[in-house]
Amino acid sequence: MKHSNTYNKGSHPPLYSSLVTCHSHLSLVYLFTCLLVNSFTGNAQSYVPINIDAATSYQTIVGFAASDCWTGNYVGKYWSETPKNTIAKYLFSQNFKTDGSPEGIGLSMWRVNLGAGTVEQGDDSGIEDISRRAECFLDASGAYDWTKQAGQQWFMQKAKEYGCESFVLFSNSPPVSYTRNGKAYSNGDGKTNLQADKYDDFAGFMTEVLAHFKEEGFDFRYISPVNEPQWDWKDPSQEGSPWQNEEIKTLVVELDKSLQEKELETKILLSEAGQWDRLYQTNGRASNQIYRLFDPNSSDYVGNLPSVAPVIAGHSYWTHDTNSQLINVRKNVKTNAKKYNLDVFQTEWSMLSGGEGIPAIEEASYMDIALLMAKIIHSDLAFADVTSWSYWTSMDMERWGHKNRFLLVSLSPNNPYNAITQSSTVADRSTLWALGNYSFFIRPGYKRIQLNGANDPAALMGTAYLSPDTSNVVAVYVNMSSEAQKIRTTFSNTGRYRATTNKMYITGSSYNLKKYGSASSESYAEDRELTIPARSVATVVYSMEDQGDTDIPALEKSAFRLYPNPLSPGESILIDLPETAKGNLTLSLYSTQGHLVYSGNKMIEETEKRLTLPLNLPKGIYLLKIQSGKNNYQVKLLVM
């Protein structure tokens, strides 16, 4: 994240049965929904017709995240239990309060900063603000001290206890003992600050940390070795290093080798570009990175390395000044990523610049800032097809009049400019809850499906998501307008499933992800309207129930066979596939709560392949989904 001098950093899916293939010939079924909210009034005299079409699907969600940079280590280490536990609840809880509102935002991913050692250097680090310094597990002698980053480890444990599914380890700078200038910022020549003979050492350091935490029960899903390599990082305001594409390749080759030697399944996440357009345009150092890193014809190609994730990651900074820029840049990211079958992760955003529909930065209210964030989340999901979305600093102090531009949770030590080691109070902000409109309800494994009728970036925009077990449809709306927007919703291609209830949760100037409506209003009924308040973010959760095979054509139940079923934990299963199942096969296993517990890709050359389930899989009922080309299959699996 680049800072000012005052602040630092479709296809046609499976639908609902014991599946088999769902095609566009499914009969059209309309479901009418409503929720009349009398307390919200607006000048809109007509409703907006919304249609959610389950036959058209897009990306599958991996998770929503935030990072512990940088204050997480200080709060977790020095603050008292009450404020620490309050922050953990806000960030990770998937529970509801007694009034039915979420008590937290249920983050499903957590980004952990791998420090370079500026805390140990103290004032010699050159970083004046102590809250921007980070500890390092490795000292100058080469010894590891696993008591370092204790505060961050406290939040890691809390995230795990609350059920956070994925952890990402990311580095801003190599350890200072490995850098050319002995600092965690650059000398300004545009080259990496890593010493030329330390690539393998830096790779080994990252791998050693991953191996240690795996033994401690934290199996990091991704390791991100470089962050915003486009910037110079010569200002000693935080840890950071520039990288050129060829330098990134050299490091990734060493890191892949080290991960393979230690038999770690952690994948390398690239490349955390400082803004989206650097991924597909040639513009200075570390640019055009989708091509440079993932095209076999590129001299910097690393896409064939076994530890490299088929993902391209970027940051949403500086690309939302106008609505046209907001949309077009993200469409370009999607188009270029699809050339190489890459998922897209948005791995860092906070409000460094403004956008249409928001007052000037210095005049923006807390809710204005949250609305801009929600608008960007919507656009990243709808136009870039991101599968993961991450906020930058989850907790920080409100300084220099920034309000909640750079935080989800506000820290209030006695002196907010230099007292991060002093425990005090915390406050939830609207950015927290607006992110929760997405993160709490859209869980890993949910698939985005088509929502028609709400696509105006100046007024009402919306996206919809289908749970893996097809029991829920979640729709999230962002209303940028100064008027309330009434909607009526129909559903298409839901097969034998019908909506039975609808619940709405609102974040606005007066509501923080509050459940709105009485129990009687939750019953799904026809010819009612749902009202999205002015300048708000609203989530509607529809419960879908199986109404029988009323309008589904006969399914090809013999398309494939899975056995044994039931099976024991760790036991292999045999899958017989039809002749049409050729090429790349995507396998995903979900729990009944919708959590992704296994995923993998298999290249199919014969009609019979064997899949080994994850070890220590708990007893229970699971849903196995298989994607082969445009065809999708699913079957229930019993482990006992």
Side-chain angles (χ1 to χ4, degrees), residues 1 3 7-9 63-79 83-94 102-115 131-132 134 149 151-170 172 224 227 238 272 315-317 345-352 366 369-370 373-374 376-377 388-399 402-413 416 420 425-440 507 512-513:
M1 171 183 176
H3 308 284
Y7 187 84
N8 308 314
K9 199 165 185 193
F64 290 87
S67 86
D68 61 10
C69 251
W70 291 271
T71 56
N73 192 45
Y74 295 91
V75 173
K77 182 176 182 178
Y78 295 109
W79 286 40
K84 288 196 302 185
N85 282 301
T86 298
I87 295 170
K89 178 184 70 175
Y90 283 155
L91 294 174
F92 304 118
S93 178
Q94 300 177 46
E103 69 173 15
I105 65 170
L107 293 177
S108 48
M109 300 180 76
W110 186 237
R111 287 172 56 84
V112 179
N113 179 37
L114 182 59
S131 70
R132 299 293 176 259
Q149 300 189 203
Q152 293 170 261
Q153 294 187 58
W154 187 92
F155 278 104
M156 287 169 57
Q157 184 61 42
K158 282 296 179 181
K160 184 178 179 181
E161 291 174 6
Y162 273 111
C164 183
E165 289 92 340
S166 298
F167 291 85
V168 181
L169 190 67
F170 70 98
N172 290 321
S224 174
N227 190 280
Q238 68 174 81
E272 304 245 17
H315 299 170
S316 253
Y317 300 122
F345 281 15
Q346 192 293 122
T347 48
E348 192 178 305
W349 184 86
S350 57
M351 189 180 174
L352 291 174
Y366 286 91
I369 294 167
M373 181 194 69
I376 291 167
I377 296 175
S388 175
W389 199 95
S390 301
Y391 192 80
W392 176 217
T393 46
S394 59
M395 63 193 89
D396 208 341
M397 297 166 284
E398 294 184 30
R399 297 181 282 186
H402 287 157
K403 301 186 180 72
N404 57 333
R405 286 172 54 197
F406 305 107
L407 55 88
L408 303 176
V409 179
S410 176
L411 308 176
S412 301
I420 190 61
T425 61
V426 301
D428 53 313
R429 296 302 186 210
S430 49
T431 40
L432 173 80
W433 301 112
L435 175 56
N437 279 95
Y438 291 91
S439 60
F440 188 89
T507 298
N512 290 329
L513 201 57

Worksheet item: What closest approach, in Å, do G115 and Q149 show between heavy atoms, and which atom pair accounts for it?
Response: N-OE1, 3.1 Å
Worksheet entry | Which atom of N227 lies closest to which atom of F170, heavy atoms considered | ND2-CD1, 4.2 Å
Discussion item. So which atom in G76 and which in K84 form the shortest heavy-atom distance, rounded to 0.1 Å?
Written reply: O-NZ, 3.1 Å
Worksheet item: So do the side chains of E348 and Y317 get within less than 4.5 Å of each other, counting heavy atoms only?
Response: yes
Worksheet item: How about Q346 and I377: do any of their side-chain heavy atoms sit closer than 4.5 Å?
Response: no
Worksheet item: Between the side chain of S439 and the main-chain N/O of I105, is any donor-acceptor distance below 3.5 Å?
Response: yes
Practice prompt. Compare all side-chain heavy atoms of T347 with those of H315 and state whether any distance is below 4.5 angstrom.
Written response: yes
Worksheet item: Taking C-beta and beyond as the side chain, do W349 and W392 meet within less than 4.5 Å on heavy atoms?
Response: no
Worksheet entry | Smallest separation among heavy atoms of E103 and S93, with atom names | OE2-OG, 2.7 Å
Practice prompt. Please work out which of the three classes, parallel, tilted or perpendicular, describes the rings of W110 and F155, given edges at 30° and 60°.
Written response: tilted
Worksheet, complete the sentence: When every non-hydrogen atom of T507 is compared with those of L513, the smallest separation belongs to OG1-N, 3.1 Å
Worksheet item: Is there side-chain contact between V426 and M395, with at least one heavy-atom pair below 4.5 Å?
Response: no
Worksheet item: Between R399 and S131, which heavy-atom pair has the shortest distance, and what is it?
Response: NH2-OG, 3.5 Å
Discussion item. What I'd like to find out is whether the side chain of V409 reaches to under 4.5 Å of the side chain of T86, using heavy atoms alone.
Written reply: no
Item to complete: Determine the interplanar angle of the Y391 and W389 rings, folded into 0 to 90°, and report it as parallel if under 30°, tilted if 30 to 60°, perpendicular if over 60°.
Response: tilted
Discussion item. I want to check something: taking the side chain as every heavy atom from C-beta on, are T393 and T71 in contact at a cut-off of under 4.5 Å?
Written reply: no
Practice prompt. Could you tell me whether a side-chain N or O of S394 sits under 3.5 Å from a main-chain N or O of S67, the two making a donor and an acceptor?
Written response: yes
Item to complete: Answer yes or no: is there a side-chain heavy-atom contact under 4.5 Å between L408 and Y90?
Response: no
Fill in: N-O pairing of R405 and D396 below 4.0 Å
no
